[in-house]
Structure formats: structure tokens, C-alpha cells
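Below you'll find the structure, written out as C-alpha cells, and then a few comments.
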Amino acid sequence: MTSAAVENIAVTRFREYLRINTSHPNPDYAKASEFYKKYADELGLTYWQVELPQNRVVDLITWEGLEPTLPSIMLYSHTDVVPSFPEHWKYDPFSAHKEENGDIFARGAQDMKCVGIGYLEAIRKLKTAGKRFKRTFHVTFCPDEEIGGLTGMIEFVKTKEFEKLNIGFALDEGIANPGEEFRLFYSERNVW
Ligand SMILES: [Zn+2]
């Protein structure tokens with residue numbers, strides 16, 4: 001209990017998010033949406049949804065900039081995770097077990113719930129420090145990336161709502177690197 005009492009809020013929120021079972025084939029997107037809404041309220045940000053065909057939604061948390069007509073920054077992540085086979089796991093993949101050394105075990109810990117929480121906790125710190133930025137940030141949570149995005153991002157980019165976001169630049173997942181460096185997927189001008 002002592003370690004839980006002193007746990008960083010970012011870690012606590014991360015573990016809460018990891019415990020929501022958004023694994024295919026039946027991701028609990030409704031529970032994730034509730035989580036995002038509560039999170040937005042906690043951070044004093046706007047939560048909203050865009051409805052997609054096939055009963056899917058995109059969840060967004062928006063931090064409006066001082067010059068909201070400027071192209072915005074999209075901080076993208078996907079809500080879903082791939083299936084797990086619990087019998088091969090040291091801990092229940094949706095328990096978000098934390099070992100004494102701080103290692104957290106969960107389906108989604110690397111891919112990519114860490115990133116979604118990272119965006120929001122970075123915003124928490126910046127807001128708390130009184131920072132404001134010219135551009136609007138849209139923290140965007142999409143469904144169905146792990147099954148190809150056909151019912152997720154591919155539909156989202158066709159919507160009027162997406163167009164209105166006026167995105168100038170977007171961040172999305174990278175991949176873990178066992179060494180000291182970070183890996184960055186780089187592209188410019190056009191997709192290769
Ligand atoms: Zn991913």
C-alpha cells in the first residue's frame with residue numbers, strides 16, 4: 001500500500017488504462033470512452049467523439065491553442081490491443097501488475113497505451129505549469145488499428161470532422177528499442 005500511495009499519477013492512470021480490456025476480437029471501447037471522458041474532466045480539457053460507420057467512435061481530447069485558426073497538432077494513438085494468451089503470461093495481461101523494480105506487465109503496455117497516457121500527462125504538466133501554446137492539440141484515440149484501421153482511422157479521415165481539425169502535423173506510435181536510442185519512423189513530403 002505504501003508504494004501505491006506514492007505512485008506517480010501518470011503511472012496510476014497508465015495502469016488504470018491498461019486494465020480496460022480493449023483486446024480484439026471484442027474490445028471494450030465503451031469503457032475506454034468513459035475513461036477518456038473522466039480524464040479530460042480531470043485535466044480541464046474538452047472531450048468529444050466522432051461517430052464512424054459500423055458502430056465505431058473516435059474519442060478526442062482537445063486543448064485549444066491561443067490561435068485556434070492555425071493548423072493543429074494531432075497526438076494520435078489507438079485504443080485497441082492484440083489478443084493475449086494469458087496461460088503464457090507471468091501475470092494476468094489486464095491486471096497491470098507492477099513488480100518491485102517498477103516493471104509493469106500488460107497487453108498494451110508498449111503498444112500503445114503508454115503513448116496515449118504520455119500525451120495526456122505531458123499536457124497535465126504543461127497546464128499545471130501555466131503554459132499555453134498557439135496551436136491546438138487534439139489527442140486522438142482511434143479504434144481498430146490492430147485489424148488494419150478499415151473501420152477506424154481509414155473512415156475517420158473521410159469525415160467532415162476530421163477535415164475541420166485542420167491538422168498540420170501528427171505524432172503516432174513508434175516501437176520499443178532495446179538499446180539507448182529511440183526509434184523514429186520518419187517520412188517527409190509524401191508517404192514512401
Ligand atoms: Zn500499435
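Throughout, numbering of the chain's residues begins at 1 and tracks the sequence. Note that these values count all heavy atoms, side chains included, but never hydrogens, waters or copies made by symmetry. Atoms within a ligand are numbered from 1 in the order they appear, just like the ligands themselves.
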| message | Can you tell me which N/O/S atom of H78 has the shortest distance to the Zn ion (ligand 1)? | response | NE2
| Atom of E173 closest to the Zn ion (ligand 1), considering N, O or S atoms |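 Atom name returned: OE1.
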| N/O/S of E145 less than 2.8 Å from the Zn ion (ligand 1)? | no
| message | Taking N, O or S atoms only and a limit of 2.8 Å, check whether D111 reaches the Zn ion (ligand 1). | response |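 Looking at D111, which is the residue asked about, there is an N, O or S atom under 2.8 Å from the Zn ion (ligand 1).
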| task | Would you confirm whether K127, through its side chain, and L43, through its main-chain N or O, come within 3.5 Å as a donor-acceptor pair? | result |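 Side chain of K127 to backbone of L43, a donor-acceptor pair under 3.5 Å: yes, one is there.
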| query | Do the side chain of R135 and the main chain of P68 share a donor and acceptor less than 3.5 angstrom apart? | reply |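 Checking the backbone N and O of P68 against the side chain of R135, no donor-acceptor pair under 3.5 Å is found.
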| task | Please determine if K164 and E161 form a salt bridge, counting it only when a charged side-chain N lies under 4.0 Å from a carboxylate O. | result |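 Looking at K164 and E161, the cut-off is not met.
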| task | May I ask you to check whether Y29 and Y36 place their ring centres under 6.0 Å from each other? | result |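 Y36 vs Y29: aromatic centres not under 6.0 Å.
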